[in-house]
Structures are given as structure tokens and as C-alpha cells.
Protein chains: 2
Amino acid sequence: MITSQFSTKQRILGAAETLFAQHGFEKASLRQVTAAAHVNLAAVNYHFGSKENLIEEVFRRRLDRLNTHRQDALRKVEHQPDSTLDQVLEAFIKPAIDLSLDQNGGGAFMRMLARAYAEHDQPLRKFLSDNYGHVLREFAVVFHRLLPHLSKEELYWRLDIVAGALTYAMADFGLIKRRPGTTERNHRKQAAEHLIRFASAGLSAP
Amino acid sequence: MITSQFSTKQRILGAAETLFAQHGFEKASLRQVTAAAHVNLAAVNYHFGSKENLIEEVFRRRLDRLNTHRQDALRKVEHQPDSTLDQVLEAFIKPAIDLSLDQNGGGAFMRMLARAYAEHDQPLRKFLSDNYGHVLREFAVVFHRLLPHLSKEELYWRLDIVAGALTYAMADFGLIKRRPGTTERNHRKQAAEHLIRFASAGLSAP
DNA sequence: TTATGATTCAAACAAACGTTTGATTGCGGG
DNA sequence: CCCGCAATCAAACGTTTGTTTGAATCATAA
């Protein structure tokens with residue numbers, strides 16, 4: 001056997017994740033994906049029905065884990081009486097970093113997530129909102145408890161800014177390039193630390 | 001004459017900007033663009049040579065103005081001895097807001113710019129870096145003067161975060177929807193104010 | 001072993017894409 | 001008037017796209 005140990009479905013999902021992140025949803029063709037997965041072209045429509053469904057499956061696989069990790073981290077923090085702003089921020093940011101550091105295309109997935117925000121089409125945004133929105137609202141409640149002087153509107157504005165900066169940083173959009181001496185792992189760890197420090201001060205602004 | 005007063009070239013540029021922002025570079029076809037511009041399909045290749053060239057022209061038209069506005073605003077601020085962090089931030093952020101508020105597709109262009117960051121392909125990123133990078137470096141020098149306690153590396157990390165949050169906010173990615181009572185103009189003005197307050201505190205973090 | 005249902009495969013499908021062609025139109029200067 | 005060039009037009013070009021087809025192959029249970 002020359003192909004990998006994983007099933008056809010798994011291999012398609014893995015290859016799709018990498019290629020979608022590298023070239024975008026439209027530019028990455030099913031022929032590229034199936035070639036990279038060492039799988040017949042028709043296998044995508046057999047196992048997933050359509051390219052659109054494949055895209056959603058790729059998202060679901062990772063987002064489910066990200067959501068539960070964030071919720072677990074949040075519950076650990078909110079049930080202790082003296083939780084700090086930085087701890088809640090870390091509960092929000094750390095799982096995203098960990099996911100981006102996951103071997104087998106974690107970073108690729110993060111770029112794909114950012115790309116999904118940029119692709120402004122409504123079906124995909126609705127899908128993301130359904131799988132994403134309730135977690136953000138849970139965090140908003142806890143942030144509101146820690147920053148009671150902020151109006152609900154002010155708080156939402158600032159959380160939106162944090163989410164934007166996080167997305168941007170994790171997707172490696174920025175001008176900051178990894179220093180040759182540091183690993184990708186350390187680069188993203190630094191990004192998380194800087195982001196938490198920055199966001200903590202920003203959220204606490206008068 | 002049923003078509004607009006503008007020339008074929010202008011009408012193509014306008015329609016392209018809107019449709020690229022709405023559907024992305026790949027999804028928006030030249031047939032859609034030329035139909036919206038009330039122009040023959042072949043006109044794009046006649047006037048611009050290729051779709052790739054058209055994309056670059058759409059960028060150049062707006063970016064040139066954004067750059068000079070930012071540089072003008074920066075020079076006004078840096079040549080007064082008691083300039084503040086908020087003033088420099090405003091010199092960076094305000095021109096972007098103004099551009100996004102420009103009638104005839106300013107908001108559309110901003111979404112297109114964010115999309116260009118997401119499209120991770122190198123030719124476009126090089127083009128943006130060439131037309132964008134030197135302005136960012138000018139701002140970095142002034143910020144460094146106002147925040148001397150920050151190492152150059154720390155400063156670059158934080159500026160990268162600011163740029164990311166600005167891009168995200170201007171492209172209207174976030175979960176914050178415009179309130180029914182407020183105009184788009186006021187919505188973006190509010191976004192700018194919140195962003196400046198947040199970024200000012202974030203940059204000043206210990 | 002044989003029969004059955006799931007999977008894989010090469011091949012072809014129609015549709016849409018960016019681009020090119022060659023004829024036609026419109027218009028300003030000689 | 002008419003020449004010459006720039007602009008516009010309908011039509012077609014060759015690719016590439018996602019999807020479908022029907023036969024071949026595999027695995028499993030009777």
C-alpha cells in the first residue's frame with residue numbers, strides 16, 4: 001500500500017484543508033485536492049455530495065474542537081471568584097493559538113478561517129455564525145462582569161476589535177515575519193502574548 | 001444616451017470595484033463586470049490587457065489617494081512639538097475611514113482590500129507591499145519617538161495588531177451590525193473612535 | 001463460493017471562464 | 001468627401017471547472 005493509513009474521506013479532508021488555505025476555496029480545484037489525497041476525482045462527490053459540502057465539513061471538523069476548548073477554558077476561569085481579565089482573554093485566545101499550532105494543517109486552517117471572513121458570501125457566514133456565535137456571547141457575559149463600567153455597546157465594539165486582531169494575527173496576514181532563529185511554534189506563542197497584553201490594555205481603556 | 005457620462009474605462013473600474021468587493025476576485029467574472037458597466041466583454045482586455053491588470057488598476061486608483069492622505073496627515077502631526085499618540089493614530093486611521101466613506105464604492109474598496117490580505121497569493125501581496133509598505137514604515141518611526149520605552153520588536157508587534165484590527169473593522173467583517181437608526185457614515189465614525197481609543201490604550205500598555 | 005452492497009475508477013458532461021479574432025462602427029483631420 | 005485610427009461589437013477559441021455516469025473492483029455475509 002503506497003497511500004496513507006487514513007480513509008479516503010480523511011485524506012480528502014486533510015488535503016482540502018491544506019489546499020484551501022494555500023490557494024483559496026475557488027482557486028483550489030477538486031482535481032488538485034483529489035490528486036494530493038491520492039484519490040479519484042469522483043470520490044469527493046461520492047463521499048461529500050458537493051464541493052460546498054466539503055468546505056463545510058473541513059470547517060466543522062476543526063471548529064467543533066475550538067469551541068469546546070474555549071468553553072472548557074472559560075468555565076475553568078469563571079468559576080473561580082478572583083478571575084482576572086487576562087485569564088478570560090487567555091481562555092479565548094489560547095485555544096485558537098493551540099489549534100493554529102496543531103500539526104497536520106492547524107495553521108492552514110486558521111488562514112482558511114480568516115479567508116472565510118473575507119469571502120463575504122452569506123451561506124458560509126451563516127454557517128460560521130451558527131457554529132461560532134453562541135461561544136462569543138458566552139464570553140461577552142463574562143467580560144461584562146469584569147468590566148462593569150463599560151456599556152454593553154462599548155463592550156461589543158471592543159470585543160469585535162479583539163476578534164479582528166486575533167483573526168488577523170493567527171492567519172499570518174501581517175507584516176511581521178517569523179525571525180529565522182525562531183520556530184513557528186514560538187512565533188505564534190509570542191503573537192499570543194503580545195495580543196493578550198495589547199487587548200487587555202485596550203479593553204481596560206477608560 | 002442611456003449609459004452614464006463616464007468613459008468606458010471609468011465605468012469598468014467602478015463596476016469591477018463593486019463586484020470584486022461583493023463576490024471576490026475569482027467569483028466576479030468579466031462577464032458580470034462588463035454587464036454591470038454596460039460595456040462589451042472584450043473592452044476589458046482592450047483597455048486593460050487582462051483581468052489581473054484590471055485588479056491592479058482598481059487598487060492603484062484608491063491606494064494612491066489613501067497613501068498621500070495618510071502622509072499629509074502624518075506630516076501635519078509630526079512637525080508640531082507636542083504631538084500625542086492619539087493624533088498620530090488618527091493620522092493613520094482617519095484617512096482609511098474617509099476612504100471607506102467615499103461615495104461610489106469606498107466601502108466596497110475596503111472590503112476588497114481586506115480580501116486581498118486574505119488571498120494569500122504572492123503577486124498581489126508584493127504589489128500591496130510596494131504601494132503600502134513605505135507608509136507603514138514612516139508611521140513606525142513616529143510611533144517609536146512617542147513610545148521610546150518599547151523595543152523596536154515590541155512596537156512592530158503592536159502596530160501589526162492595530163493594522164489588523166483596522167482592516168477588520170473597515171471591511172465590516174465583525175459581528176457588530178449597524179444599528180437601524182444610524183447611517184453608515186456614523187457607524188464608521190463610531191468604529192474609528194472606538195478603534196483609536198482601544199489602540200491608544202493597547203499601544204501604551206506597559 | 002457466490003451474491004450483494006459499498007467503493008473506486010476512467011471517461012465524459014455541460015457550463016463558465018479569460019482571452020482572441022475579425023468585422024463593423026464612429027469620428028476627427030487632410 | 002474620405003481616409004485612418006481608435007473603439008466597439010458579436011462570435012468563437014481553448015481551458016478548466018464541478019458534477020455525473022456506468023462499468024470495474026473490493027469487502028463482507030450467507
Side-chain angles (χ1 to χ4, degrees), chain A residues 1-60 112 115-116 119-124 127, chain B residues 1-60 112 115-116 119-124 127:
Chain A
M1 194 60 145
I2 216 173
T3 54
S4 87
Q5 57 181 314
F6 297 108
S7 73
T8 298
K9 255 182 127 166
Q10 302 281 344
R11 270 183 284 145
I12 291 176
L13 284 169
E17 189 171 69
T18 302
L19 286 168
F20 286 160
Q22 244 164 43
H23 305 117
F25 302 120
E26 346 262 351
K27 252 181 179 166
S29 69
L30 293 187
R31 279 167 181 81
Q32 287 179 272
V33 170
T34 51
H38 300 106
V39 148
N40 186 274
L41 169 61
V44 169
N45 284 275
Y46 177 78
H47 285 286
F48 297 94
S50 70
K51 185 180 186 180
E52 187 69 27
N53 284 354
L54 171 62
I55 293 175
E56 291 200 357
E57 278 306 313
V58 171
F59 273 107
R60 199 190 312 276
M112 211 180 74
R115 197 187 280 271
E119 318 257 346
H120 222 256
D121 67 14
Q122 281 311 316
L124 198 54
F127 172 82
Chain B
M1 194 58 145
I2 217 175
T3 54
S4 88
Q5 56 182 313
F6 298 107
S7 73
T8 298
K9 255 181 127 166
Q10 302 281 344
R11 268 183 285 143
I12 291 176
L13 283 169
E17 190 170 69
T18 301
L19 287 168
F20 286 161
Q22 245 164 45
H23 306 116
F25 302 121
E26 346 262 352
K27 249 181 180 165
S29 69
L30 293 187
R31 281 167 179 82
Q32 287 179 270
V33 170
T34 52
H38 299 106
V39 149
N40 186 276
L41 169 61
V44 169
N45 284 275
Y46 177 78
H47 287 284
F48 297 94
S50 69
K51 186 181 186 180
E52 186 69 28
N53 284 354
L54 172 61
I55 292 175
E56 290 200 357
E57 278 307 312
V58 171
F59 273 108
R60 198 189 313 276
M112 208 179 75
R115 200 186 276 275
E119 318 258 346
H120 223 257
D121 66 15
Q122 282 310 315
L124 197 54
F127 173 82

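Lettering follows sequence order; numbering is per chain, from 1. Just so you know, these numbers come straight off a predicted model, no measurement behind them. Atoms considered below: every heavy atom in the structure, side chains included; atoms not considered: hydrogens, waters and symmetry mates.
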Could you tell me how far apart L30(A) (CG) and dT15(D) (P) are, to the nearest whole angstrom? 21 Å
Whole-Å distance separating the CG atom of L19(A) from the C1' atom of dT17(D): 16 Å
Heavy-atom distance under 4.5 Å between the side chains of R31(B) and L41(B), does that happen here? yes
Relative to the ring of F25(B), is the ring of F20(B) parallel (under 30°), tilted (30 to 60°) or perpendicular (over 60°)? perpendicular
Residues touching DNA chain D, which here means a heavy atom under 4.0 Å, drawn from residues 42-50 of chain A: A42(A), N45(A), S50(A)
Below 4.5 Å, heavy atoms only, C-beta onward: do T8(A) and N40(A) meet side chain to side chain? no
Less than 4.5 Å apart, any side-chain heavy atom of V33(A) and any of T18(A)? no
Examine dC17(C): is either OP1 or OP2 under 4.0 Å from a nitrogen or oxygen in the side chain of S29(B)? Give yes or no. yes
Might you point out which heavy atoms bring E26(B) and K51(B) nearest each other, and give the distance in Å? O-NZ, 3.8 Å
Phosphate-side-chain proximity, T8(A) and dT7(C), N/O vs OP1/OP2 below 4.0 Å: no
For the backbone of S29(A) and the side chain of Q32(A), can you confirm whether one donor and one acceptor N or O come within less than 3.5 Å of each other? yes
Answer whether the closest heavy-atom distance between the side chains of F48(B) and E56(B) falls below 4.5 Å. no
Between P on dT21(C) and CG on N40(B), what's the gap in Å once rounded to a whole number? 16 Å
Between the protein and nucleotides 12-15 of chain C, which nitrogen or oxygen pairs come in under 3.5 angstrom?
none

In whole angstrom, what separates H23(A)'s NE2 from dT17(D)'s C1'? 16 Å
Send over the distance from Q32(B) CD to dG18(C) P, rounded to a whole Å. 9 Å
For the residue pair A28(B) and L19(B), what are the closest heavy atoms and their distance? CB-O, 3.6 Å
I12(A) CD1 to dG18(D) P, in whole Å, measures 13 Å
Kindly give the heavy-atom pair with the smallest separation between H38(A) and R11(A), and that separation in Å. O-NH1, 3.3 Å
Separation of K27(B) atom NZ from dT17(D) atom P, in whole Å? 16 Å
Specify the separation, in whole Å, of atom NZ of K9(B) and atom P of dA7(D). 9 Å
